[in-house]
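Read the numbers this way: they start at 1 and go in the same order the structure lists the ligands and their atoms. Residue numbers count from 1 along this sequence.
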Amino acid sequence: MSSETRQQLNRREFLSFLSLGWITFTAACAGLASLAFRFSYPNVNFEPEMDFLAGRPEDYEEGVDERWKNGYGVWVYKNEGKLVALSNICTHLGCIPTWLPAELKFKCPCHGSGYYPNGINFEGPAPRPLERYNVSLTPEGLIKVDKTKIYRYEKGQWELPGSFLDV
Ligand code: FES
């Protein structure tokens, strides 16, 4: 084999290695890009449910119940034969108040607004009471909370059917 032929082979080998390297690099980049795209969209829907079943009225004691606060952003308040679903969003600037059972009030940590257990505001900058969500009973006797329907005290909507349950 002449040295020219050996040089040509080397060049050919070099070019095929270069092509192989380029294809491998491109495939790796495409794989990484598809992984990055895939992880941009989670498998799980983190949007909170807009309606849910909250058990039976007899499952609740009198007073504020926090079992749906973290998952659904709702306090259930049962008092003197009425049950309501209160939004846990402060009507000042949207922080999440804390229920203080010893003081019988919701207290917002952001600017100090306070609400009675029924959701009426009484201290701090909150301009209006907490909102209520629609509550109804299913044919099976379960409480259904529907967060797409909101009732505001200042608009007289707390008297409307659906803003409370007689229990
Ligand atoms: S957001 Fe609750 S007091 Fe300001």
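- The residues Glu154 and Arg128 are annotated as salt-bridged, a charged nitrogen and a carboxylate oxygen being separated by less than 4.0 angstrom.
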Could you walk me through whether Phe106 and Leu130 pass side chain to side chain contact (heavy atoms under 4.5 Å, CB included), step by step? CA-CA 10 Å; Phe106 300 105; Leu130 298 174; 4.1 Å; yes
Test salt bridge (charged side-chain N to carboxylate O under 4.0 Å, His left out) applied to Lys147 and Glu49, step by step: CA-CA 8 Å; Lys147 294 174 63 178; Glu49 296 289 332; over 6 Å; no
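- Ring pair Tyr115/Phe122: centre-to-centre distance not below 6.0 Å.
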Taking distance alone, no hydrogens or angles, what donor-acceptor pairs closer than 3.5 Å link side-chain atoms of residues 156-167 to residues at least two apart or in another chain?
residue, atom, partner, partner atom, Å
Gln157, OE1, Arg152, N, 2.7
Trp158, NE1, Tyr151, O, 3.1
Ser163, OG, Trp158, O, 2.9
Ser163, OG, Leu160, O, 2.8
Asp166, OD1, Lys82, NZ, 3.2

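- Inspection of the environment of atom 4 (Fe) of ligand 1 yields the following protein N, O or S atoms under 2.8 Å: His92 ND1, His111 ND1.
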Side chain to side chain contact (heavy atoms under 4.5 Å, CB included), that's the test. Do Asn79 and Asn118 meet it? Break it down for me. CA-CA 8 Å; Asn79 186 50; Asn118 63 2; over 6 Å; no
